[in-house]
Amino acid sequence: MTDPFYITTPIYYVNSHPHIGHAYTTIVTDVLTRFHKLFGDDAYFLTGTDEHGQKIVESASKAGVDPQEFVDRISQEFLEMWPHLHIEFDQFIRTTDAEHKICVQQILQKIYDQDEIYLKEYEGLYCVGCERFLDESELENGNCQDHQIRPEFYQEKNYFFRMSAYQDWLLEELKNNESWIYPGRYRNELIQFLKAPLQDLCISRPKKRLTWGIDLPFDGNFVTYVWFDALLNYVSALGWPEGEKYFKYWPHVHHTIGKDILKTHGIYWPCMLKAAGLPVFKKIVVHGHWVVGGSKMSKSLGNVVDPLSMKDQLGVDALRYYLIRDMSFGEDSNFTEDLAITRYNGDLANNFGNLLNRSISMSRNNFEGCVPPLGEVGDLEKDIQNLFSKGVEVCREYILCFQPHLTLEHIARLSSQVNKYIDRCKPWNLAKQPEDRERLGTILYTALDMARILVGLLAPVMPEKMNEARKSLGLGTEAIPYEKLIPGGLTAGTKLMEPTPLFPKIKVSSKKNNVAKDQLPEKLKSRETAMYEEWLTFDDFKKLELKVGHIRSCRKIEKSKKLLCSEVDLGEGRMRSIVSGAAEFYTPAEMKDRRVIVVANLKPVKLMGEVSEGMILFSDENGKLVLIEAPEGVKAGVIVR
Ligand code: MSP
């Protein structure tokens with residue numbers, strides 16, 4: 001019996017409507033929960049809304065309604081949005097819930113009674129966007145770095161929590177517990193932060209300035225600071241101190257957060273828990289930001305993406321797939337419609353969708369609409385079965401260590417292996433010879449059986465589409481249990497449905513997402529202009545000829561440590577010789593047979609005596625080169641744009 005698994009999202013501020021960034025956190029948490037449920041764990045998923053504080057009051061006043069009416073409306077929007085994105089949470093908490101308020105007051109009173117809260121006169125710079133006081137070091141030209149707004153100066157009496165007393169304890173915990181914060185670099189960030197003296201935390205707001213909050217139980221002239229109130233949602237939701245759910249799930253809590261709220265979760269929260277006498281969380285998992293047009297999505301920059309805006313074109317499940325697959329967990333990622341469509345066409349339409357369609361169609365056409373019997377199994381079948389037996393375990397491991405993007409990458413690799421197996425066995429030729437019927441059945445059974453396993457693995461990410469896929473495979477609507485995700489689980493003779501393509505190919509329109517500079521919102525424009533000294537127009541870009549190239553062979557250039565020379569097929573009926581500086585990262589054998597992106601119309605040059613007729617593209621992260629590969633199945637010579 002495994003441990004329960006409790007996972008939370010941040011509770012979202014209701015001052016703005018849900019956007020793709022909020023959607024990502026909630027989808028990734030949903031995917032992790034669904035995978036844990038698939039593995040048989042008792043998983044519990046909490047999300048909700050953060051409804052107090054100054055910025056909510058400001059937004060309500062702009063909307064001309066009272067705060068309660070305002071928060072009711074926007075909280076409802078979040079609540080209603082999630083099912084549209086196929087998110088299935090177990091509980092939705094609001095910080096205006098009566099039970100939550102009681103919990104916050106009980107914990108405040110407990111800490112106050114321990115003499116860990118005191119009153120003092122304070123002055124400082126407050127950012128309404130962050131809803132916290134900022135240090136000088138967090139300012140950029142006097143502005144908050146995240147919100148690009150000037151913080152307000154406040155001088156007032158407030159209550160403080162003696163957080164500084166926990167500095168040494170917290171530093172030790174962080175140093176001793178390597179897996180506490182994931183990915184590790186965020187733990188390092190916190191350790192670094194704790195090298196400077198930790199200040200006590202201001203936990204109140206005077207009512208003369210703000211009344212929209214939870215009253216301090218020991219002084220009716222103040223309300224609770226919004227972060228002190230909000231963080232406690234994770235325990236109040238479980239019915240602390242006596243709730244059954246609290247005892248069951250609290251020891252197993254994992255918080256999913258974006259990197260913008262690392263400090264509040266990694267510093268304030270453990271100190272609060274320690275002071276209140278509660279066990280600290282098991283793990284914080286931190287993801288990066290979706291970036292649009294070079295900046296983090298935000299209302300003030302005017303670059304927010306509505307999660308439902310791509311629903312019609314891509315479908316919800318494919319959007320979920322793109323978000324999970326294209327964000328290396330912990331790092332930032334660029335959001336564009338074209339990237340989403342390229343991923344869709346590559347992984348879903350050409351790879352997995354094609355596998356499902358062709359294996360079902362060929363089986364239906366040749367075996368009276370049913371799953372064929374498995375005949376004698378050869379080495380090719382054994383290899384692929386082994387690959388899948390191990391592959392399912394690999395996918396599980398990636399989920400358990402919070403790398404869902406790698407799970408999807410692995411699934412795509414497994415799927416393309418089955419497609420390669422089919423291409424190699426050419427069942428369409430065997431179908432013409434009656435004496436090859438048994439072999440034909442074995443190949444098609446194997447392809448269908450592996451597709452079934454892929455359907456099971458993809459269900460937590462694309463629940464609705466995989467439900468349709470199960471129906472096409474004659475498996476009914478129930479999810480496939482994890483223990484059945486092993487080769488051989490398909491029953492010969494099962495009726496197959498006529499397949500309708502699950503992921504019909506989408507045409508990429510490169511115009512749509514490439515917003516021209518003069519169409520950018522003002523604030524973005526100035527940032528972007530600062531980023532690049534000289535912009536290219538679309539006509540400049542069109543001058544570049546990017547093509548898919550197939551590296552047929554590759555060798556080291558003897559006189560150089562860095563250079564490789566590749567023979568690249570660009571579909572021109574001759575090979576191009578292209579030199580690249582990647583010898584420290586790739587051996588010639590690793591370069592061979594890759595399908596890459598080539599700048600085809602660069603003027604030829606001579607490098608170390610070798611003519612180079614183009615350029616192979618790599619990503620360059622601090623000097624580490626990684627080949628940029630073309631989507632699966634795209635032919636040499638195809639134009640990239
Ligand atoms: N209310 C606080 C959290 C309190 S939790 C006790 C808050 N709310 S928020 O509405 O601003 O949501 C912030 C979270 O939304 C981020 O931590 C992240 O999970 C998600 N995202 C917001 N913008 C994002 C991107 N551009 N990209 C990815 N996720 C981002 O902070």
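Values reported hereafter were calculated over all heavy atoms of this structure, with side chains retained and with hydrogens, waters and symmetry mates removed. This structure is a prediction, so every number in the text was calculated from the model and none was measured. Indexing begins at 1, ligand by ligand and atom by atom, following the structure's order. Residues: numbered from 1 along the sequence shown.
- Below 4.0 Å from some heavy atom of Ala230 lie the following atoms of ligand 1, by number and element: 6 (C).
- Of the N and O atoms on the side chains of Gln54 and Arg205, not one donor lies less than 3.5 Å from an acceptor on the other residue.
- Inclusion of Leu231 in the set of residues having an N or O under 3.5 Å from an N or O of ligand 1 is not warranted.
- Here the heavy atom of the protein found nearest to atom 23 (N) of ligand 1 is His19 CE1, 3.3 Å.
- Salt-bridge formation is not detected for the pair Arg162/Asp200: no Lys NZ or Arg NE/NH1/NH2 atom is positioned less than 4.0 Å from an Asp or Glu carboxylate oxygen.
- The nearest protein atom to atom 12 (O) of ligand 1, hydrogens excluded, is given as Tyr12 CD2, 3.6 Å; this is a heavy-atom distance.
- Residues Tyr182 and Gln403 have side chains that bring a donor and an acceptor to within less than 3.5 angstrom of each other.
- Between Tyr13 and ligand 1, an N or O atom pair is found at a separation short of 3.5 Å.
- With no hydrogens or angles considered, no side-chain donor-acceptor pair links Thr224 and Asp229 at under 3.5 Å.
- Counting only heavy atoms of the protein, atom 6 (C) of ligand 1 lies nearest to Tyr234 OH, 3.5 Å.
- Relative orientation of the Trp290 and Tyr24 rings is perpendicular, given thresholds of 30° and 60° on the angle between their planes.
- Looking at ligand 1, you won't find any N or O of Ile261 less than 3.5 Å from one of its N or O atoms.
- Among all protein heavy atoms, the one lying closest to atom 27 (N) of ligand 1 is Trp290 N, 2.8 Å.
- Note: Phe5 and His36 have parallel aromatic rings, judged against thresholds of 30 and 60 degrees for the angle between ring planes.
- Between Asn233 and ligand 1, no pair of N/O atoms sits closer than 3.5 Å.
- Residue His265 places no N or O, backbone or side chain, under 3.5 Å from any N or O of ligand 1.
- Put simply, part of Gly288 is less than 4.0 Å from ligand 1, judged by heavy atoms.
- Taking the six-membered ring where tryptophan is involved, the planes of Phe133 and Tyr122 are perpendicular, since the angle between them exceeds 60° and thus also 30°.
- In this structure, Glu99 does not pair ionically with Arg94, as no charged nitrogen and carboxylate oxygen lie closer than 4.0 Å.
- Taking every heavy atom of Asp50 and a limit of under 4.0 angstrom, the matching atoms of ligand 1 come to 1 (N), 2 (C), 4 (C).
- His289 and His287 have perpendicular rings, their planes meeting at more than 60° on a 0 to 90° scale where under 30° would count as parallel.
- When only modelled atom types and interatomic distance are considered, Glu80 and Gln76 share a side-chain donor-acceptor pair under 3.5 Å.
- A cation-pi arrangement is present between Arg396 and Phe39 under the rule of less than 6.0 angstrom and at most 45 degrees off the ring axis.
- Using a 4.0 Å cut-off between charged side-chain N and carboxylate O, Lys37 and Asp41 make no salt bridge.
- Ranking the protein heavy atoms by distance from atom 19 (O) of ligand 1 puts Thr25 OG1, 2.6 Å first.
- For atom 17 (O) of ligand 1, the choice among Thr9, Ile257, Asp260, Asp229 with the nearest heavy atom turns out to be Asp260.
- Closest to atom 3 (C) of ligand 1, if we only count protein heavy atoms, is Ile11 O, 3.2 Å.
- Closest protein heavy atom to atom 15 (O) of ligand 1: His22 CD2, 3.4 Å.
- By the 3.5 Å distance cut-off applied to N or O atoms, Tyr24 is not counted among the residues near ligand 1.
- Backbone and side-chain nitrogen or oxygen atoms of Gly21 are examined, and one is located within less than 3.5 angstrom of a nitrogen or oxygen of ligand 1.
- Neither the backbone nor the side chain of Lys259 has a heavy atom within less than 4.0 Å of ligand 1.
- Within the 4.0 Å heavy-atom shell around ligand 1 one does not find Trp269.
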